[in-house]
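These notes concern the structure reproduced below.
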Amino acid sequence: MLRVVLGTVVTFAGALFLFVGCLGVFRMPDVYNRLQAGTKCTTLGAFLIAIGVGIIEPTWFWKTLVIAVFILLTNPISNHALGRASRKSGIPLCERSVVDRAQEFDGYEGRP
Amino acid sequence: MTEKADRTGSRARDIVYLFLVLLITWLMLTSSLHWQEVTTGAFLSLVLALFLARSYARLGLPPLSLVRLWRLGVYFLVLFAEVVKANIDVAYRVLHPRLPINPGIVIITTELSQDVAKVLLANSITLTPGTFTLDIQGDKLLIHWINVRSEDTAEATRLIAGRFEKHLKAVFA
């Protein structure tokens, strides 16, 4: 019983983070800030949901743990690839941005 | 002669480590200690380890030791705490009616030299409060920061990478 309650709470927390992540994708002003919301919140969201399911159903726990670890390993890669491709192809930062030092790197042309 | 023996030794060690990692992953996925499952897993892990040991060696990982494993565990604990903080921080910014962001792209430097260490650092930065790595060139990392607190390279390095760098240095020392 306690296990089910704990698992449900963890899964619910995960769902909450996923919801905030989706909201962030709508609210943020440019692609880079959307990536921030879209990846940060989904990492913990998916992680907590996987772990929560594992707690409710103990025979699945190790499998869900492996899934969670793979999410933690791969999520940053997609974030990085999308951000890098966006900046390299010249998608502008939003007006509220305070600094853009990307020009100092090879292969990044000046502010588009 | 000793050099050759050394290389053979490190190759054997690579195979053993890879075998153990693969076998543990297999056991976690099957969640069963039935002898048939374990035998199949051990056989497949051994074959894969023999085939992949060369690419594993190319990663240039430092030799494994208990101290290193312990430090890696500490690092992962620090990382997990930071991940939770990052999520709460970004969730707060998203839910705040005025959207309190102050974004920008800054450059930080790292003292880590190995590629694997740099990748780990970049991934850790991506997972933590309001920062993600756009690119690595040499010892410089290009970072998008949702709330720029300093445009200065040294200061930004301290704020963003300081939390992880000393743990990673300990692991790869």
Side-chain angles (χ1 to χ4, degrees), chain A residues 16-17 19-30 32-33 35-37 39-45 47-48 58-67 69 72-80 82-88 93-94 96-108, chain B residues 24-32 76 79-80 83-97 99 101-108 119-120 122-138 140-153 156:
Chain A
L16 217 59
F17 274 114
F19 173 73
V20 173
C22 296
L23 200 65
V25 171
F26 281 105
R27 292 204 65 198
M28 289 300 180
D30 68 357
Y32 307 99
N33 291 304
L35 276 174
Q36 296 268 17
T39 53
K40 294 279 177 337
C41 293
T42 54
T43 308
L44 194 62
F47 185 84
L48 287 178
T59 49
W60 294 356
F61 182 75
W62 295 109
K63 277 180 221 187
T64 57
L65 195 64
V66 173
I67 295 171
V69 169
L72 275 187
L73 284 177
T74 52
N75 225 346
I77 312 277
S78 57
N79 185 349
H80 148 78
L82 286 168
R84 180 170 181 269
S86 305
R87 185 60 189 81
K88 275 208 157 177
L93 279 73
C94 69
R96 290 171 69 178
S97 302
V98 290
V99 58
D100 179 8
R101 292 183 64 191
Q103 295 99 315
E104 295 169 37
F105 262 51
D106 298 334
Y108 292 82
Chain B
I24 289 170
T25 313
W26 172 277
L27 288 178
M28 283 172 98
L29 283 173
T30 53
S31 333
S32 144
F76 276 120
L79 178 64
F80 191 74
V83 168
V84 173
K85 268 198 269 172
N87 278 271
I88 293 169
D89 177 69
V90 173
Y92 163 76
R93 286 180 203 284
V94 167
L95 292 173
H96 196 285
L99 212 61
I101 56 170
N102 188 27
I105 294 179
V106 297
I107 290 175
I108 70 168
V119 168
L120 265 180
N123 272 4
S124 310
I125 287 170
T126 301
L127 283 170
T128 50
T131 48
F132 75 80
T133 314
L134 287 167
D135 209 346
I136 305 177
Q137 281 175 8
K140 286 195 199 138
L141 279 80
L142 196 61
I143 310 275
H144 182 269
W145 203 353
I146 202 169
N147 181 31
V148 176
R149 280 188 281 164
S150 168
E151 298 177 18
D152 177 56
T153 305

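Just so we're on the same page: letters track the sequence lines, and every chain starts at 1. Just so you know, these numbers come straight off a predicted model, no measurement behind them.
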Task: Pick from A/Leu35, A/Leu82, A/Asn79 with the largest number of heavy-atom pairs that fall under 4.5 Å of chain B - done: A/Asn79
TODO: Check whether any side-chain heavy atom of B/Ile108 sits under 4.5 Å from a side-chain heavy atom of B/Ile125, and report yes or no.
DONE: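 Side-chain contact under 4.5 Å: yes.
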Open item on the list: Within the structure provided, determine whether A/Met28 and B/Ile146 are in side-chain contact (heavy-atom separation under 4.5 Å).
Closed with: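 A side-chain contact exists here, since the closest heavy-atom pair is under 4.5 Å.
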Tell me, side chain or backbone of [X] under 4.5 Å from chain B's heavy atoms, or both, or neither?
| X | answer |
| --- | --- |
| A/Ser86 | neither |
| A/Phe47 | side chain |
| A/Leu48 | neither |
| A/Phe17 | side chain |

TODO: Can you measure from NZ (B/Lys85) to CG (A/Leu44) and round to the nearest 0.5 angstrom?
DONE: 14.0 Å
- [ ] Starting at OG1 of B/Thr133, measure out to NE2 of A/His80 and round the result to the nearest 0.5 Å.
- [x]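 B/Thr133 OG1 to A/His80 NE2: 8.0 Å, rounded to 0.5 Å.
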TODO: Could you go through the side-chain contact (heavy atoms from CB on, under 4.5 Å) check for A/Asn33 and B/His144 one step at a time?
DONE: CA-CA 9 Å; A/Asn33 291 304; B/His144 182 269; 3.4 Å; yes
TODO: Heavy-atom distances under 4.5 Å only: say whether B/Ile143 touches chain A with side chain, backbone, both or neither.
DONE: neither
Open item on the list: Given heavy-atom pairs under 4.5 angstrom as the criterion, report whether the side chain, backbone, both or neither of B/Ile24 touches chain A.
Closed with: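 The answer is neither part of B/Ile24.
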Task: Options B/Gly138, B/Ser124, B/Pro97, ranked by heavy-atom pairs under 4.5 Å with chain A, top entry - done: B/Pro97
Task: All side-chain hydrogen bond (donor to acceptor under 3.5 Å, both in side chains) counterparts of A/Asn75, not counting sequence neighbours - done: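 Applying side-chain hydrogen bond (donor to acceptor under 3.5 Å, both in side chains) to A/Asn75 gives A/Thr43.
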